[in-house]
Amino acid sequence: MKHFDTSLYFITDSTMYEEEEFLRRVEAALQGGVTIMQIREKNKSTRAYIDLAEKVHALTKRYGVPLIIDDRVDVALAVNAEGVHLGAEDMTVAAARKILGEDKIIGATAKTVSWALDEAAQGADYLGVGAIYPTTTKVKTVLTSTDTLREICGAVSIPVNAIGGLNRDNIDVLAGIPVAGICAVSAIMKAEDPKKAAEELKARAEALGLIRRKGETER
């Protein structure tokens, strides 16, 4: 059985940084308590994606945090990452499951209840639902209402994470919605102090009941 914690799900963005600074920020985020990490590289060549993913994986393994590869099953296999995240234009969850097997984590994007149910039926381990707010990343996004997020949480039995423009100052909008966790990109990646940003985001999410504190019963 897979055990993973999506409560503070950090998604990287290397576009603004030289590699050394990017890796420094990734490690700082790990020190700040992120529980799962996704490397997202939309524009790198396959070779460059694998090279950077290997370096990030070396860090995540040091901190015992699963590494998820965005979009690319081949890159996930090449670096033996813990999983992959698939969007609407990527390989289907069912096809990825055939390739990766049952032990790897497969996440999927969903923006409607029917979409979420389909991804869960195909074998997705978790869902990323959003964007809750407009984002500054270069990923194409369509806003998803908190009402839809709540409906998806009630419709599927797998963990659902909220994503999209979330930070410590605006996650109050998720209060009362039974998400398994929150996803953050810019709030940590672009922070002056990524370690402190991760710590503060986690503390705020815990205070709102969005993620569990250690020792709390799983929802």
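These numbers were taken from a predicted model, which means no experiment stands behind them.
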*Asks:* If you compare all heavy atoms of P194 against all heavy atoms of A28, which two are closest, and at what distance to 0.1 Å?
*Replies:* CB-CB, 4.0 Å

*Asks:* Any chance you could measure Y49, atom OH, to E54, atom CD, to the nearest 0.5 Å?
*Replies:* 13.0 Å

*Asks:* Taking all heavy atoms of A116 and all of L127, pick out the closest pair and write down the distance.
*Replies:* CB-CD1, 3.5 Å

*Asks:* Tell me whether L30 is reachable from L8 by hopping between hydrophobic residues (I, L, V, M, F, W, Y) whose side-chain heavy atoms are closer than 4.5 Å.
*Replies:*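 Linked, L8 and L30 end up in one cluster.
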
*Asks:* Between E21 and R25, is there a salt bridge with N-O shorter than 4.0 Å?
*Replies:*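 Yes, R25 and E21 are salt-bridged.
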
*Asks:* Could you tell me which non-hydrogen atom of I158 sits nearest to which non-hydrogen atom of A120, and how far apart they are?
*Replies:* CD1-CB, 3.9 Å

*Asks:* Is there a path from V75 to L23 through hydrophobic residues (I, L, V, M, F, W, Y) whose side chains come within less than 4.5 Å of each other?
*Replies:*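 Same cluster: V75 reaches L23 through Ile, Leu, Val, Met, Phe, Trp or Tyr contacts under 4.5 Å.
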
*Asks:* Is there side-chain contact between L67 and V56, with at least one heavy-atom pair below 4.5 Å?
*Replies:*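 The answer is yes, as the side chains (C-beta and beyond) meet within the 4.5 Å cut-off.
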
*Asks:* Distance check, rounded to the nearest 0.5 Å: E151 atom CD versus S114 atom OG?
*Replies:*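 OG of S114 is found 11.0 Å from CD of E151.
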
*Asks:* Show the numbers, then the answer: is there a side chain to side chain contact (heavy atoms under 4.5 Å, CB included) between L100 and L77?
*Replies:* CA-CA 8 Å; L100 294 173; L77 284 169; 3.6 Å; yes

*Asks:* Using every non-hydrogen atom in the two residues, find where A76 and G83 come nearest and quote the distance to one decimal.
*Replies:*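 So the two residues come closest at CB-O, 3.9 Å.
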
*Asks:* Could you verify whether a donor N or O on one side chain and an acceptor N or O on the other, from K104 and N80, lie under 3.5 Å apart?
*Replies:*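 The criterion, which ignores hydrogens and geometry beyond distance, is satisfied for N80 and K104.
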
*Asks:* Work out which heavy atom in P66 is nearest to a heavy atom in I36; give both atom names and the distance.
*Replies:* O-CG1, 3.7 Å

*Asks:* Could you give me the CA-CA distance, side-chain angles and deciding distance for I171 and L210, then say whether side chain to side chain contact (heavy atoms under 4.5 Å, CB included) is met?
*Replies:* CA-CA 9 Å; I171 58 173; L210 301 176; 4.1 Å; yes

*Asks:* Under the side chain to side chain contact (heavy atoms under 4.5 Å, CB included) rule, what do I69 and Q38 come out as? Steps first, then yes or no, please.
*Replies:* CA-CA 6 Å; I69 305 294; Q38 179 190 133; over 6 Å; no

*Asks:* Could you tell me if the side chain of I99 sits less than 4.5 Å from the side chain of D74, heavy atoms only?
*Replies:*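 The answer is no, as the side chains (C-beta and beyond) never meet within the 4.5 Å cut-off.
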
*Asks:* Linking I/L/V/M/F/W/Y whenever any side-chain heavy atoms sit under 4.5 Å apart, do V160 and L143 land together?
*Replies:* no

*Asks:* Nearest 0.5 Å, please: how far is OH in Y133 from CG in N170?
*Replies:* 4.5 Å

*Asks:* Could you give the distance from CZ (R168) to CG (L166), rounded to the nearest 0.5 Å?
*Replies:* 14.5 Å

*Asks:* Answer yes if V73 and Y126 sit in the same cluster of Ile, Leu, Val, Met, Phe, Trp and Tyr residues linked by side chain heavy atoms under 4.5 Å apart, and no otherwise.
*Replies:*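 No; Y126 is not reachable from V73 via cluster members.
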
*Asks:* Among side-chain atoms of D147 and S145, is any donor-acceptor pair under 3.5 angstrom?
*Replies:* no

*Asks:* Is there a side-chain contact between K202 and V34, using heavy atoms and a 4.5 Å cut-off?
*Replies:* no

*Asks:* What do the steps show when you test R62 against E27 for salt bridge (charged side-chain N to carboxylate O under 4.0 Å, His left out), and what is the final call?
*Replies:* CA-CA 10 Å; R62 188 183 305 166; E27 183 160 18; 3.2 Å; yes

*Asks:* Determine, stepwise, if the pair I188 / N167 fulfils side chain to side chain contact (heavy atoms under 4.5 Å, CB included).
*Replies:* CA-CA 8 Å; I188 296 175; N167 59 57; over 6 Å; no

*Asks:* With rounding to the nearest 0.5 Å, note down the distance linking CD1 in I182 to CD1 in I132.
*Replies:*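 That separation rounds to 11.5 Å.
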
*Asks:* Can you list the steps and then say if D169 with R204 is a salt bridge (charged side-chain N to carboxylate O under 4.0 Å, His left out)?
*Replies:* CA-CA 9 Å; D169 297 324; R204 183 60 182 150; over 6 Å; no

*Asks:* Give me the one residue out of D125, I106, V84 that meets side chain to side chain contact (heavy atoms under 4.5 Å, CB included) with V93.
*Replies:* I106

*Asks:* Could D193 and K195 be called an ion pair, given the rule that one side-chain N must be under 4.0 Å from one carboxylate O?
*Replies:* no

*Asks:* Write down the atom of T60, the atom of H57, and the distance for their closest heavy-atom approach.
*Replies:* OG1-O, 3.1 Å

*Asks:* Check whether any side-chain N or O of T146 sits under 3.5 Å from a backbone N or O of L149 as a donor-acceptor pair, and report yes or no.
*Replies:*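 No: the side chain of T146 does not pair with the backbone of L149.
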
*Asks:* With rounding to the nearest 0.5 angstrom, report the OG1 to NZ distance, T15 to K190.
*Replies:*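 It comes to 6.5 Å.
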
*Asks:* I'd like to know whether D71 forms a salt bridge (charged side-chain N to carboxylate O under 4.0 Å, His left out) with R40, so could you lay out the CA-CA distance, the side-chain angles of the two residues, the decisive distance to 0.1 Å, and finally the verdict.
*Replies:* CA-CA 8 Å; D71 294 348; R40 176 191 279 174; over 6 Å; no

*Asks:* As a quick check of understanding, evaluate salt bridge (charged side-chain N to carboxylate O under 4.0 Å, His left out) for R47 and D51, giving each step before the final call.
*Replies:* CA-CA 6 Å; R47 185 171 298 189; D51 179 68; over 6 Å; no

*Asks:* Before accepting this row, confirm whether a basic side-chain N of the pair R72/E41 lies closer than 4.0 Å to the acidic partner's carboxylate O.
*Replies:*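 Salt bridge: no.
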
*Asks:* For the residue pair V129 and N161, establish whether any side-chain heavy-atom pair is separated by less than 4.5 Å.
*Replies:*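 Not touching, per the 4.5 Å side-chain cut-off.
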
*Asks:* Flag the pair M16 / F22 as yes when at least one side-chain heavy-atom distance between them is below 4.5 Å, and no otherwise.
*Replies:* no

*Asks:* Can you confirm whether F10 sits close enough to V185 that some side-chain heavy atom of one is under 4.5 Å from a side-chain heavy atom of the other?
*Replies:*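 Contact flag for F10/V185 side chains = no.
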
*Asks:* Report yes if some heavy atom in the side chain of S186 is under 4.5 Å from a heavy atom in the side chain of D13; otherwise report no.
*Replies:*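 When only atoms from C-beta onward are counted, D13 and S186 do not touch, as no gap falls below 4.5 Å.
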
*Asks:* Is the shortest distance from a Lys or Arg side-chain nitrogen in E199 or K196 to a carboxylate oxygen in the other one below 4.0 Å?
*Replies:* no

*Asks:* Picking from L86, T92, L117, what satisfies side chain to side chain contact (heavy atoms under 4.5 Å, CB included) with Q122?
*Replies:*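 Single pass found, and it is T92.
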
*Asks:* Treat each ILVMFWY residue as a node, draw an edge where side-chain heavy atoms are under 4.5 Å apart, and state whether M189 and I39 are in one component.
*Replies:*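 M189 and I39: one cluster.
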
*Asks:* Less than 4.5 Å apart, any side-chain heavy atom of M37 and any of T12?
*Replies:*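 Side chain of M37 against side chain of T12, heavy atoms only: contact under 4.5 Å found.
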
*Asks:* Distance-only, no hydrogens or angles: does the W115 side chain make a donor-acceptor pair with backbone N or O of A88 under 3.5 Å?
*Replies:* no

*Asks:* Are the side chain of T144 and the backbone N or O of G130 linked by a donor-acceptor pair below 3.5 Å?
*Replies:* yes

